[in-house]
Chemist: 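A single structure is presented below for examination.
Note that this is a predicted model, so its numbers are computed, not measured.
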Amino acid sequence: QVQLVESGGGLVRTGGSLSLSCAASGRIISNLSMAWFRQAPGEEREFVATIHWAGDSTYYADSVKGRFTISRDNAKNTVYLQMNRLKPEDTAVYYCAVDKDRALGFRTRTSDYDYWGQGTQVTVSS
């Protein structure tokens, strides 16, 4: 299986930036789809971004498109989420996830993913 550890969360003001990291161990993730989800208090866990196993194409939730960038560094077996122009509604615990099934399309459901990190808190003050 894959172990995932997120880091980089913190407190920022509206309009600020944060970069999250997801360090993977146990398996090489370069040929696996990865994703970021987030969960605000009292809310369902929601899709944020994914990077595909074949060719590193990316897909984003409309709420973050143009502001967030998902990427990976295969040498470090790590996935990143660069978050710019942050808004208070971005406040949530952010989770990294692995999809081991190599689906053809992008996947956006929590049930599509097999392994999860512990999460890292992102708080954006207004």
Side-chain angles (χ1 to χ4, degrees):
Q1 66 172 30
V2 184
Q3 294 79 45
L4 304 171
V5 179
E6 302 97 332
S7 62
L11 174 64
V12 297
R13 294 174 178 173
T14 297
S17 297
L18 281 175
S19 182
L20 307 183
S21 298
C22 172
S25 61
R27 285 190 63 179
I28 296 174
I29 62 170
S30 61
N31 61 348
L32 297 173
S33 289
M34 306 288 294
W36 288 93
F37 288 76
R38 66 188 184 187
Q39 187 167 22
E43 302 290 335
E44 297 288 323
R45 191 168 298 186
E46 68 173 349
F47 169 78
V48 175
T50 185
I51 184 165
H52 201 262
W53 64 271
D56 284 351
S57 57
T58 58
Y59 179 76
Y60 299 90
D62 288 342
S63 59
V64 307
K65 190 174 299 181
R67 300 188 297 121
F68 290 12
T69 303
I70 186 172
S71 62
R72 72 204 314 164
D73 185 338
N74 291 332
K76 296 182 177 180
N77 214 35
T78 298
V79 175
Y80 303 94
L81 185 69
Q82 178 65 47
M83 305 185 293
N84 299 322
R85 304 194 306 280
L86 284 161
K87 305 174 181 179
E89 51 262 47
D90 295 319
T91 295
V93 176
Y94 283 70
Y95 298 90
C96 180
V98 177
D99 179 3
K100 67 180 179 63
D101 297 324
R102 296 192 179 94
L104 293 179
F106 294 110
R107 288 178 155 191
T108 62
R109 301 175 300 180
T110 58
S111 59
D112 293 327
Y113 291 84
D114 303 287
Y115 304 105
W116 296 82
Q118 84 290 346
T120 185
Q121 176 71 49
V122 171
T123 303
V124 184
S125 64
S126 59

Chemist: Are Met34 and Tyr80 connected in the hydrophobic side-chain network, where two residues link if heavy atoms are under 4.5 Å apart?
Modeler: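 Looking at the clustering, Tyr80 is in a separate group from Met34.
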
Chemist: For residues Ser21 and Thr78, report the shortest heavy-atom separation together with the two atoms involved.
Modeler: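 Distance-wise, the nearest heavy atoms are CB-CG2, 4.3 Å.
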
Chemist: Determine the minimum heavy-atom distance between Ser19 and Gln82, stating which atoms define it.
Modeler: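 Smallest interatomic distance, heavy atoms only, reads CB-OE1, 3.4 Å.
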
Chemist: Taking all atoms of both residues into account, what is the closest heavy-atom pair of Val5 and Gln118, and its distance?
Modeler: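 Minimum heavy-atom separation between Val5 and Gln118: CA-OE1, 3.5 Å.
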
Chemist: Please check if the side chain of Asn77 supplies one atom and the backbone of Arg27 the other of a donor-acceptor pair under 3.5 Å.
Modeler: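 Checked: pair present.
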
Chemist: Check whether more than 12 heavy atoms from other residues, nucleotides or ligands sit under 6.0 Å from atom CG of Leu11, and answer yes or no.
Modeler: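 Atom CG in Leu11 is packed in, count exceeds 12.
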
Chemist: Applying ring-ring contact (aromatic ring centres under 6.0 Å, His included), can you list everything that pairs with Phe68, at least two apart in sequence or on another chain?
Modeler: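 Partners of Phe68 by the ring-ring contact (aromatic ring centres under 6.0 Å, His included) criterion come out as none, since no residue qualifies.
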
Chemist: Hydrophobic clusters here meaning ILVMFWY residues chained together by side-chain heavy-atom distances under 4.5 Å, can you tell me if Ile51 and Tyr95 are in one?
Modeler: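 No, Ile51 and Tyr95 fall in different hydrophobic clusters.
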
Chemist: Is any side-chain heavy atom of Leu32 closer than 4.5 Å to a side-chain heavy atom of Arg102?
Modeler: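 In short, these two side chains touch, coming nearer than 4.5 Å.
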
Chemist: Which pair of non-hydrogen atoms, one from Leu4 and one from Ala97, has the smallest distance, and what is that distance?
Modeler: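 Closest approach of Leu4 to Ala97: CD1-CA, 3.9 Å.
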
Chemist: In the structure I gave you, are the side-chain heavy atoms of Val12 and Ser17 within less than 4.5 Å of one another anywhere?
Modeler: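 Counting from C-beta outward, Val12 and Ser17 never come under 4.5 Å.
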
Chemist: Counting only pairs under 3.5 Å, give me each side-chain donor-acceptor contact of residues 104-113, with atom names and distances, residues two or more places apart or in other chains.
Modeler:
| from | atom 1 | to | atom 2 | distance (Å) |
| --- | --- | --- | --- | --- |
| Arg107 | NH1 | Asp99 | OD1 | 3.2 |
| Arg107 | NH1 | Asp99 | OD2 | 3.2 |
| Arg107 | NH1 | Asp101 | OD2 | 3.3 |
| Arg107 | NH1 | Asp112 | O | 3.4 |
| Arg109 | NE | Asp112 | OD1 | 3.3 |
| Arg109 | NE | Asp112 | OD2 | 3.2 |
| Arg109 | NH2 | Asp112 | OD1 | 2.8 |
| Asp112 | OD2 | Arg109 | N | 3.2 |
| Tyr113 | OH | Thr50 | OG1 | 3.2 |
| Tyr113 | OH | Arg107 | O | 2.8 |

Chemist: Would you say Leu18 and Phe37 are hydrophobically clustered, going by side-chain heavy atoms of ILVMFWY under 4.5 Å?
Modeler: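 They do not share one cluster, since no chain of ILVMFWY contacts under 4.5 Å joins Leu18 to Phe37.
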
Chemist: Linking I/L/V/M/F/W/Y whenever any side-chain heavy atoms sit under 4.5 Å apart, do Ile70 and Met83 land together?
Modeler: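 Hydrophobic grouping puts Ile70 with Met83.
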
Chemist: Less than 4.5 Å apart, side chain to side chain, heavy atoms only: is that true for Glu44 and Glu46?
Modeler: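 With C-beta onward as the side chain, the pair stays apart.
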
Chemist: Quick check: do Tyr94 and Glu6 have side-chain heavy atoms less than 4.5 Å from each other?
Modeler: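 When only atoms from C-beta onward are counted, Glu6 and Tyr94 do not touch, as no gap falls below 4.5 Å.
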
Chemist: Would you name the heavy atoms of Ser126 and Pro88 that are closest together and state the gap between them?
Modeler: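 That would be CB-CG, 3.8 Å.
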
Chemist: How far apart are the closest heavy atoms of Leu81 and Ala49, and which atoms are they?
Modeler: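 Reported closest heavy-atom pair: CD1-CB, 4.2 Å.
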
Chemist: Is there a path from Trp53 to Trp36 through hydrophobic residues (I, L, V, M, F, W, Y) whose side chains come within less than 4.5 Å of each other?
Modeler: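 Different hydrophobic clusters.
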
Chemist: According to salt bridge (Lys or Arg N to Asp or Glu O under 4.0 Å), does anything in residues 82-91 pair up with another residue at least two apart or in another chain? List the pairs.
Modeler: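 For residues 82-91: Arg38-Asp90, Arg67-Asp90.
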
Chemist: Hey, what do you get for NZ (Lys65) to OG1 (Thr58), rounding to the nearest 0.5 Å?
Modeler: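 Lys65 NZ to Thr58 OG1: 9.5 Å, rounded to 0.5 Å.
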
